Amino acid sequence: EPEVTQTPSHQVTQMGQEVILRCVPISNHLYFYWYRQILGQKVEFLVSFYNNEISEKSEIFDDQFSVERPDGSNFTLKIRSTKLEDSAMYFCASSRTGGTDQPQHFGDGTRLSIL
Amino acid sequence: LAKTTQPISMDSYEGQEVNITCSHNNIATNDYITWYQQFPSQGPRFIIQGYKTKVTNEVASLFIPADRKSSTLSLPRVSLSDTAVYYCLVALGGGRRALTFGSGTRLQVQP
């Protein structure tokens with residue numbers, strides 16, 4: 001069964017450094033998403049992306065964050081200048097369409113640790 | 001905004017059937033109900049989705065009454081590996097695709 005894959009599984013970065021998290025969505029999916037989960041807390045929506053544009057974003061997704069689909073397979077989340085509070089699990093998800101009848105399928109995440 | 005309410009935790013024993021009920025009083029006409037499972041340090045895993053009546057797949061059944069204000073996830077004959085957090089989700093409506101996760105139901109299966 002096709003799945004969403006994320007790399008790396010764990011990223012350790014110094015505060016203030018840039019970090020890029022990578023995702024390969026399911027191949028025939030058109031909508032892509034990033035979520036995060038701070039340890040012990042709820043999964044939070046960050047951003048959705050369709051047709052090379054951001055379609056929705058949350059208040060968390062400020063100017064420090066950006067997303068990109070640099071080629072036909074990868075979908076990336078960049079944090080420009082990391083803060084301690086960016087430490088979390090970051091999940092990528094994809095869905096075939098944007099309809100509510102199409103479930104989002106999640107990867108197993110990247111654990112981001114900011115020192 | 002559609003909001004869901006589900007029990008914080010449930011306990012069961014191996015081999016039993018587990019039913020987790022979720023209420024979503026403000027569900028929009030076009031919205032589907034989706035259930036996810038999450039293990040520690042893993043991403044949410046899609047279990048089942050439905051719009052009305054009953055949906056069954058290889059891992060679970062989903063029962064949705066006619067008014068769609070609630071739904072029940074049924075896990076037949078649970079095993080220890082079903083210990084996880086289960087989330088009931090409905091869309092926010094208005095064409096938004098962002099999923100809003102609540103705290104979910106923490107299911108603990110005992111031997």
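Since this is a predicted model, take the numbers as computed values, not measurements.
Under a cut-off of 6.0 angstrom, the local environment of CD in A/Glu85 is crowded, with over 12 non-hydrogen atoms contributed by other residues, nucleotides or ligands. Annotation for A/Asp63: atom CG does not count as buried by contact number, only 12 or fewer foreign heavy atoms lying within 6.0 Å. For B/Tyr51, the OH atom is densely surrounded, since the number of other residues' heavy atoms within 6.0 Å is greater than 12. By the 6.0 Å contact criterion, CD1 on B/Ile8 is open, its count of non-hydrogen atoms from other residues, nucleotides or ligands being 12 or less. Within 6.0 Å of NZ in B/Lys52 there are 12 or fewer heavy atoms belonging to other residues, nucleotides or ligands.
There is a path of hydrophobic side-chain contacts, each under 4.5 Å, that joins B/Ile20 to B/Ile33. There is no path of hydrophobic side-chain contacts, each under 4.5 Å, that joins B/Tyr32 to B/Ile64. Clustering ILVMFWY residues whenever any of their side-chain heavy atoms sit less than 4.5 angstrom apart, transitively, puts B/Ile48 in the very cluster that holds B/Met10. Residue B/Tyr86 is not grouped with residue B/Phe63 when hydrophobic side chains (ILVMFWY) are merged at heavy-atom distances under 4.5 angstrom, including chains of intermediate members. A/Leu112 and A/Val4 fall into different hydrophobic clusters, where Ile, Leu, Val, Met, Phe, Trp and Tyr are joined by side-chain heavy atoms under 4.5 Å apart, directly or via other members.
When the heavy atoms of residues 102-110 of chain B are compared with those of chain A, the residues falling under 4.5 Å are B/Gly102, B/Ser103, listed by number. The contact list for residues 21-45 of chain A toward chain B, using heavy atoms and a distance under 4.5 Å, reads A/Tyr31, A/Tyr33, A/Tyr35, A/Gln37, A/Lys42, A/Val43, A/Phe45 by residue number.
Only the side chain of B/Tyr87 has a heavy atom closer than 4.5 Å to any heavy atom of chain A. Within the 4.5 angstrom heavy-atom criterion, no atom of B/Phe39 approaches chain A. Interface residue A/Ser55: only side-chain heavy atoms are found under 4.5 Å from chain B.
Put simply, the side chain of B/Tyr36 gets close to the backbone of A/Gln104: a donor and an acceptor are under 3.5 Å apart.
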Checklist entry - For A/Phe91 and B/Gln38, what are the C-alpha separation, side-chain angles and deciding distance, and is it a side chain to side chain contact (heavy atoms under 4.5 Å, CB included)? => result CA-CA 12 Å; A/Phe91 298 112; B/Gln38 188 181 27; 3.7 Å; yes
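In this structure, A/Phe106 has its ring center no closer than 6.0 Å to that of B/Phe46.
Heavy-atom pairs under 4.5 Å with chain A peak, among B/Gln49, B/Arg45, B/Gln42, at B/Gln49. Per-residue counts of heavy-atom pairs under 4.5 Å with chain A were compared for B/Pro40, B/Pro44, B/Ser41; the largest is that of B/Pro44.
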